[in-house]
Amino acid sequence: MASAPYLGVEAVFNAENYWVNMQGIHTLASELDLSLANSACWEHVLTDQAPRTKCSPPCCEVNELGGRAHAAMLLQKSSTNPPVMCGSLDLPSSWVSKITIGRGDFHLRYPPDGQRSMYYSRSKLELYTDNKHEQAMTMRVSLYKDTARSILVESIEYFRLRHDCLDKRHRYPLCGKTVEHFLPGRAFSLRQLTEISGRRRKLMFYVEARQDGLVCREDILGVKVLERFQGRSDRLVYRSVAVGQNRAPGSSKPLYTLPNSEACGELMVNKMAQKYSRLETSKRFSLELAKRTFYIYQGRIRTQYHYEPTRITRCTSHHVKGRHSSSRVALPRSHVHVTHSNLHADPRCVADVSTPASFDFEDQQAVLAAERDCLTEIRRAQLEVLELLRLRQQEESSFVIDRNALMKSVHGEPFGNCQEASQSKSVQACTIDYLTPFLQHVQNPNDMSFDEAQHVRDACLRSLKERLIERANILMTSLNEENAKLAKKQAMFQRNQRENDAKAEDEFEHFCSESMFRIQILEQRLSSHQEAALRKFHDLDDRLRADPRLRTLHE
């Protein structure tokens, strides 16, 4: 205590009490009497639990160790003694009545109607309590071009508790641009969707949640599609496809097409390209594939390899297909011409190319198989994007708010124990109304006007049609994948047929038998689904005709 850097001590405390120094705050720490039981030196604030003495002990001048030991002994004694209910220095109770806020008023946040608007210079701030806004919006910031706030430049919207995981949305009305941010956990692992109406669309994904390693996809509508990848086992980092509306010359039914929306029809593929990263453990970078470009109209394929260290040239191979080969899936060997070219500025690379033993280019069958695989992946990605956009449009038309039990109780939705909840769900499943999702905007469901009844009928039939088409698309996608796997296996077996391996032939036959079995099952399921779809559609139409709530359509 003699070397303590403190000028004075105002109070000491522990887990049981609080003592105020009555010896003066200007007394040095080394001169303090540390006997907490001495009421002349230390005054307790809370209820005292130890016997007090009126004067200090005879030997008040104790050293540092002695004072600490004596204080510790007194604290130990006070903890063993029973509490004394004196309460003379207890804190008095407050004269203000206890403030109570109901759970509903607490969650309202912005009384009296749960929303608040604040205006600033060329801007506006709107605040909403949770689940108050019809789109589950919690805040919106609007920026205007003029002080009268008549020309909207940018709008930033924040959401919460939406089932589609929408977190934030930026709108730019003057340029028709919309940027949506999503939380993890939604379908297709979508992270951000940027769309400029009629011109461009960019989708960014959560890479950790996707198996194909897709980072982003950018669509220049009707012109080009760009995809970027990360962390793939085949080292693919980039893929692009140039599209157009014009068909290839001399081709009546082109096979290089991509599905598009119903309004635009199919897109014709003009060129495809793939880029690959280097394999850092490789000793020869010139043997690693860098870029492969498929020129559909010209009927040729260019393959470029990585640069060697300290080199400015690289090896390139060209595979030229025969005339009108753009409409074929596979070509005979006589219709494919392979030429190897490189820049003569690198004499070592020239020697390698001229010597087949040192550098072995891919044959035409492997390159054509790579072209088919690239087209298949592009079609699959295009179907996925179309499904994602359809699902996004459906979510905006009828969004769902996720609420827990507490939020349900706040908004007046009853909840009880598990048994009551299960019983209510079973009763609700038995008495569910098939027109409930389509009667949300109808004021009186029992007395609808002609326009309201027509809208409900069309929406119900449209919903069933979309579900049936979605199911058919799933079956068609599975069937196309099985056919693609079978074609790829057949091409690989034909390339390796020269080895006359009996074990490979047995494995190929076993694979073909299982693949044909799956294809046959999928074809049967697709055929039965098509028949059942027509029957379900007619049954729903008859049920709508017999529904008394839609009687205005037949009067």
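Arg549 places no side-chain N or O within donor-acceptor distance of the main-chain N or O of Asn446, the cut-off being under 3.5 Å. Trp42 places no side-chain N or O within donor-acceptor distance of the main-chain N or O of Val12, the cut-off being under 3.5 Å. In this structure, the side chain of Gln382 engages the main chain of Pro259 through a donor-acceptor pair within 3.5 Å. Panel note: side chain His529, backbone Leu468; a donor-acceptor pair is recorded below 3.5 Å. One N or O on the side chain of Lys132 and one on the backbone of Asp113 form a donor-acceptor pair closer than 3.5 Å. Arg232 places a side-chain N or O within donor-acceptor distance of the main-chain N or O of Asp212, the cut-off being under 3.5 Å. A donor-acceptor pair under 3.5 Å is absent between the side-chain atoms of Asp219 and the main chain of Leu221, judged by distance alone. Remark: side-chain polar atoms of Asn21 are not paired, donor with acceptor, to backbone N or O of Ala11 under 3.5 angstrom. Within the 3.5 Å criterion, the main-chain N or O of Tyr238 finds no donor-acceptor partner in the side chain of Gln274. Asp105 places no side-chain N or O within donor-acceptor distance of the main-chain N or O of Ile101, the cut-off being under 3.5 Å.
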Exercise. Are Phe182 and Arg191 close enough, and set up right, to give a side chain to side chain contact (heavy atoms under 4.5 Å, CB included), and what steps lead you there?
Worked result: CA-CA 5 Å; Phe182 298 91; Arg191 182 168 64 92; 5.9 Å; no
Practice prompt. Could you go through the salt bridge (charged side-chain N to carboxylate O under 4.0 Å, His left out) check for Arg380 and Glu227 one step at a time?
Written response: CA-CA 13 Å; Arg380 182 197 60 79; Glu227 293 179 337; over 6 Å; no
Checking Leu127 against Gln115 for the side chain to side chain contact (heavy atoms under 4.5 Å, CB included) test, could you report, in this order, the C-alpha distance in whole Å, the side-chain angles of both residues, the deciding distance, and whether it holds? CA-CA 6 Å; Leu127 301 174; Gln115 60 182 1; over 6 Å; no
Check the pair Gln23, Cys41 against side chain to side chain contact (heavy atoms under 4.5 Å, CB included), reporting the backbone distance first and the verdict last. CA-CA 5 Å; Gln23 306 174 50; Cys41 299; 3.2 Å; yes
message: Set out, in order, the CA-CA distance, both residues' side-chain angles and the distance that settles side chain to side chain contact (heavy atoms under 4.5 Å, CB included) for Ile156 and Tyr158, then state yes or no.
response: CA-CA 7 Å; Ile156 308 174; Tyr158 296 86; 3.6 Å; yes
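Among all heavy-atom pairs drawn from Ser123 and Arg149, the shortest one is O-CD, 3.6 Å. Listed here is the closest heavy atom pair of Leu236 and Lys275: CD1-O, 3.3 Å. Listed here is the closest heavy atom pair of Phe159 and Thr138: N-OG1, 4.2 Å. When all heavy atoms of Trp19 and Asn14 are compared, the pair lying nearest together is CZ3-OD1, 3.4 Å. In terms of heavy atoms, Leu461 sits closest to Phe537 at O-CE1, 3.9 Å. Residues Leu391 and Phe188 share a closest heavy-atom pair of CD2-CE1, 4.3 Å.
At most 12 non-hydrogen atoms from other residues, nucleotides or ligands lie less than 6.0 angstrom from CZ of Phe13. The local environment of CZ in Arg109 is sparse, with at most 12 non-hydrogen atoms from other residues, nucleotides or ligands closer than 6.0 Å. Enclosure of atom NE2 in His181 by more than 12 non-hydrogen atoms of other residues, nucleotides or ligands within 6.0 angstrom is indicated. Atom CZ of Arg122 has 12 or fewer neighbouring heavy atoms from other residues, nucleotides or ligands inside a 6.0 Å radius.
Inter-residue side-chain proximity for Val225 and Glu218 is flagged as unmet; no heavy-atom pair is nearer than 4.5 Å. Proximity of Phe205 to Leu388: side-chain heavy atoms (C-beta onward) are separated by under 4.5 Å at one or more points. Side-chain contact check for Met139 versus Glu126: every heavy-atom pair is 4.5 Å or farther apart. Residues Val20 and Glu10 are not in side-chain contact: their nearest non-hydrogen atoms beyond the backbone lie 4.5 Å or more apart. The shortest distance between side-chain heavy atoms of Arg201 and Thr194 does not fall below 4.5 Å. Counting heavy atoms from C-beta outward, Thr178 and Tyr172 have side chains that stay 4.5 Å or more apart. Residues Leu214 and Leu203 form no side-chain contact, since every pair of their non-hydrogen atoms from C-beta on lies 4.5 Å or further apart. In this structure the side chain of Leu152 reaches within 4.5 angstrom of the side chain of Ser142, judged on heavy atoms.
Tyr120 contributes atom OH, which lies 12.5 Å from atom CG of Leu143 (distance to the nearest 0.5 angstrom). Of the inter-residue distances, the one linking Leu540 atom CG with Lys465 atom NZ reads 13.5 Å to the nearest 0.5 angstrom. With rounding to the nearest 0.5 angstrom, the CG atom of Leu226 is 6.0 Å from the OG atom of Ser240. Atom-to-atom distance recorded for Glu154:CD and Leu174:CG is 10.5 Å, nearest 0.5 angstrom. Rounded to the nearest 0.5 Å, atoms CG (Asp164) and CD (Gln394) are 11.0 Å apart. To the nearest 0.5 Å, atoms CE (Met476) and CG (Leu526) are separated by 6.0 Å.
Among residue pairs with one or both ends in residues 167-190, those qualifying as salt bridge (charged side-chain N to carboxylate O under 4.0 Å, His left out) are Glu157-Arg169, Glu157-Arg171, Arg169-Glu180, Arg169-Glu396, Glu180-Arg392, Arg186-Glu395; sequence neighbours excluded.
Between Arg535 and Glu531 there is no salt bridge, since none of the side-chain N atoms of the basic residue sits less than 4.0 Å from a carboxylate O of the acidic one. By the 4.0 Å N-to-carboxylate-O rule, Arg390 lies close enough to Glu470 to be salt-bridged with it. The existence of a salt bridge linking Arg543 and Asp539 is excluded, since no basic side-chain nitrogen approaches an acidic carboxylate oxygen closer than 4.0 Å.
There is no side-chain donor-acceptor pair under 3.5 Å between Asp451 and Ser449. Looking at Gln135 and Arg140, their side chains never bring a donor and an acceptor atom within 3.5 Å of each other. Side-chain contact check for Asp146 and Ser150: at least one donor-acceptor pair (N or O, by modelled atom type) lies under 3.5 Å.
Listed by chain and number, the residues in a side chain to side chain donor-acceptor pair (under 3.5 Å) with Arg467 are Ser463 (sequence neighbours excluded).
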